[in-house]
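Below is one structure; the comments refer to it alone.
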Amino acid sequence: MAAPKKGRNASAQSKPGRSLALILIAIVGLTGGMFLSGHTTPRLGIDLAGGTSITLEAKADQGSAINKANMDTAVEIMNRRVNGLGVSEAEVQTQGERNIIVNIPKGTNSKEARDQVGTTAKLYFRPVLAQEATGAAAASPSASASGSSSASPSASASPSASSTGEKATSSTSPSATATSQGRAVTDALKADSTPSASASGGAKASASPSASASSGADAESAALQAKYAALDCSKESVRAKAAEGVKPGDPTVACGEIDKVWYKYLLGPAAVDGTEVEKARAVFDTQGAAGWQVTMDFNSKGTKKFADVTTQLAQNTQPQNEFAIVLDGDVVSSPFVQNAITGGNAQISGSFTQDEAQNLANMLSYGALPLSFKEQSVTTVTAALGGDQLHAGLLAGAIGLALVVIYLVAYYRGLSLIAIASLLVSAALTYVLMALLGPAIGFALNLPAVCGAIVAIGITADSFIVYFERIRDEIREGRTLRPAVERAWPRARRTILVSDFVSFLAAAVLFIVTVGKVQGFAFTLGLTTVLDVVVVFFFTKPLMTLLARRKFFADGHKWSGLDPKSLGAKPPLRRTRRPAGPVAGPVETKEA
């Protein structure tokens with residue numbers, strides 16, 4: 001009798017321990033990586049850990065229409081701006097036609113992120129005409145001198161340094177008297193109001209007022225100077241209305257905070273738009289003493305404008321050689337210009353900390369939005385409320401898992417041990433991967449994601465049930481357990497793959513077409529579906545092959561779940577061997 005040929009199935013059947021070793025090594029490796037990274041628990045979303053939710057309403061500003069394209073652009077810029085602060089799992093999404101929702105999770109500087117996101121007006125570079133401290137700082141004799149700015153020798157001598165600036169600048173030039181400064185400001189305002197004023201809005205003071213300046217322009221200049229004289233930037237209510245309703249082409253007043261002291265500014269028309277800044281980044285000067293700096297790269301249009309304005313500013317005395325970076329009507333920085341910048345890139349240096357340099361770079365990179373926004377509401381989710389929701393979600397998951405285990409034990413008896421072990425392995429892989437994906441891609445476990453994990457329990461259990469039922473079918477046909485396990489696997493494998501593919505496809509489509517928290521549900525569902533395939537192929541099937549060799553299962557014990565008698569198995573049909581040679585007709589039975 002010829003021996004059966006050894007095929008691929010026989011080889012796989014003889015080495016199930018290899019597959020079990022591979023998946024156990026993977027679990028140990030991933031767990032070790034989780035502990036080494038220091039992230040031993042998954043990151044929690046806003047609805048579970050607490051955080052801040054900001055609702056912004058779009059306003060048509062300066063001719064920009066509120067449409068889907070502008071709203072999508074605003075969402076993209078806000079998202080990059082928040083992520084620039086190092087905030088992960090922050091959600092920025094549209095709601096309706098006019099609103100944008102920004103969710104900032106707990107554990108980040110929510111106030112800083114709120115300031116960055118809420119500051120959504122356009123970014124402009126304006127020449128500084130006058131500047132001085134206000135409030136209590138203005139009365140202090142040392143207040144004006146404390147902000148003295150000077151370029152470092154290395155920065156001024158370096159050919160590559162295009163401009164330098166200090167975050168704190170003096171209120172008046174040491175050599176300029178109040179009278180001369182006032183005349184220079186008046187002349188600059190008149191020059192900006194005349195038709196012959198340059199497009200860049202430079203602040204170079206003219207020797208005398210332009211002959212073509214009208215009496216209306218004189219009145220506007222006087223009114224603006226009066227507004228500047230009366231401006232008290234130490235009051236928040238005054239700061240909020242300082243630049244209200246001002247157009248980019250008009251001179252204005254503004255406020256800015258320097259070393260915890262509020263300064264008021266008289267500014268010329270906008271010289272460069274924030275949209276003309278291609279890139280800005282915070283860098284540390286490792287070769288000099290400048291410390292943290294901010295570098296800017298302009299596009300071709302911005303390069304020409306910036307070259308024109310810096311050419312004019314470099315010829316002026318302080319503070320009229322400064323340009324103010326104005327965001328939402330507030331001055332975020334006012335560096336001075338040493339020489340004309342014509343190369344399309346600039347460098348702002350001063351007494352910056354790393355956070356200050358990064359914040360300024362974020363504003364320069366992501367400050368220009370197509371629309372302006374008004375903050376409608378700010379909702380804070382406390383950690384206590386998030387903890388209650390997490391507790392409820394975990395309780396629901398535990399109840400669902402317990403019901404599945406009870407069903408498996410009651411219906412499959414001994415086979416339930418394989419199913420429970422597979423569920424534990426799947427749960428361990430899911431937990432470790434969620435903990436690792438938090439710092440890796442910013443994944444955070446929110447309440448919909450918990451729901452996705454609960455749904456995945458049923459999907460995983462369904463794969464085991466398909467395989468067990470195929471084995472039982474083979475036993476009902478009269479086969480013993482070991483060949484039944486191998487013959488049932490190809491049919492069960494095909495069904496499991498098709499079922500998991502449909503679930504994964506649904507999760508992928510849901511992840512693509514939805515936004516916000518629903519994506520957490522889709523991501524968790526897709527992740528657990530992939531893990532289901534891994535566990536079934538590398539753990540459930542090899543473990544079933546090993547246990548089929550044990551007497552308890554192989555002999556069909558009544559508590560094994562594979563008892564042929566209880567399954568209604570029939571004895572196999574045996575074919576009778578036909579006699580050799582042709583048969584002429586029916587064989588007659590001879591009597592004895």
Side-chain angles (χ1 to χ4, degrees), residues 3-4 6-28 400-429 457-496 499 531-574:
K6 292 184 178 181
R8 186 174 300 176
N9 292 337
S11 176
Q13 181 183 0
S14 62
K15 298 180 180 179
R18 179 182 300 177
S19 299
L20 291 174
L22 286 176
I23 193 168
L24 292 178
I25 290 173
I27 293 176
V28 172
L401 181 60
L403 292 176
V404 171
V405 171
I406 291 173
Y407 170 78
L408 292 173
V409 172
Y411 192 76
Y412 289 105
R413 300 186 181 183
L415 287 177
S416 63
L417 297 176
I418 302 173
I420 294 173
S422 301
L423 284 173
L424 292 176
V425 170
S426 179
L429 285 173
I457 296 174
I459 296 177
T460 305
D462 182 61
S463 299
F464 309 149
I465 291 173
V466 168
Y467 187 31
F468 294 160
E469 288 300 325
R470 294 296 189 190
I471 295 175
R472 287 184 163 195
D473 289 341
E474 295 294 333
I475 292 176
R476 288 188 183 98
E477 293 179 5
R479 295 181 178 87
T480 57
L481 181 58
R482 292 182 64 176
V485 167
E486 298 305 321
R487 288 179 63 89
W489 173 241
R491 292 194 298 167
R493 177 180 60 198
R494 185 165 50 250
T495 305
I496 291 170
S499 175
L531 291 179
D532 175 48
V533 176
V534 174
V535 171
V536 170
F537 275 70
F538 291 92
F539 186 82
T540 307
K541 167 57 171 58
L543 184 61
M544 188 69 221
T545 301
L546 288 178
L547 292 182
R549 302 172 183 176
R550 299 290 180 259
K551 184 177 180 181
F552 177 78
F553 289 96
D555 291 347
H557 192 278
K558 65 178 181 178
W559 288 104
S560 66
L562 297 170
D563 182 14
K565 184 177 180 180
S566 62
L567 293 176
K570 298 179 180 180
L573 297 176
R574 299 183 180 274

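The shown structure was predicted, so the numbers you read here are calculated from the model rather than taken from an experiment.
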Sorted by chain and number, sequence neighbours left out, ring pair (Phe, Tyr, Trp, His ring centres under 6.0 Å) with Phe468 holds for Tyr412

When you look at Leu546 and Leu20, which way does the side-chain contact (heavy atoms from CB on, under 4.5 Å) test go after all the steps? CA-CA 10 Å; Leu546 288 178; Leu20 291 174; 3.4 Å; yes

CD1 of Ile418 to OG1 of Thr540, rounded to nearest 0.5 Å, is 8.0 Å

Between the CZ atom in Phe539 and the CG atom in Leu423, the distance rounded to the nearest 0.5 Å is 10.0 Å

On a heavy-atom basis, the closest approach of Ile23 and Leu429 is CD1-CD1, 4.4 Å

d(Arg482 CZ, Glu474 CD) to nearest 0.5 Å is 15.5 Å

Before giving the answer on side-chain contact (heavy atoms from CB on, under 4.5 Å), spell out for Val533 and Phe538 the whole-Å C-alpha distance, their side-chain angles and the decisive distance to 0.1 Å.
CA-CA 8 Å; Val533 176; Phe538 291 92; over 6 Å; no

When every non-hydrogen atom of Ile459 is compared with those of Asp532, the smallest separation belongs to O-OD2, 4.1 Å

Between Ala421 and Leu543, the two heavy atoms sitting closest are CB-CD2, 4.4 Å

Of all heavy-atom pairs linking Phe464 and Val536, the shortest is CE2-CG2, 3.9 Å

Nearest heavy-atom approach of Ser19 to Pro542 is CB-CG, 3.5 Å

Query - Residue Phe553 excluded, over 12 heavy atoms near CZ under 6.0 Å - result: yes

One should read off an interatomic distance between Arg494 CZ and Trp489 CH2, to the nearest 0.5 angstrom, of 11.5 Å

Rounded to the nearest 0.5 Å, the CD1 atom of Ile496 sits from the NZ atom of Lys541 at a distance of 11.0 Å

**OP:** Tell me, with the steps shown, if Arg491 and Val466 meet side-chain contact (heavy atoms from CB on, under 4.5 Å).
**Re:** CA-CA 9 Å; Arg491 292 194 298 167; Val466 168; over 6 Å; no

So salt bridge (charged side-chain N to carboxylate O under 4.0 Å, His left out) across residues 459-470, not counting sequence neighbours, yields none

Do Leu481 and Ile471 have side chains that get closer than 4.5 Å, going by heavy atoms? yes

Looking only at heavy atoms, the pair that brings Arg476 and Asp473 closest together is NH1-OD1, 2.9 Å

Here the gap from Leu547 atom CG to Leu417 atom CG, rounded to the nearest 0.5 Å, amounts to 8.0 Å

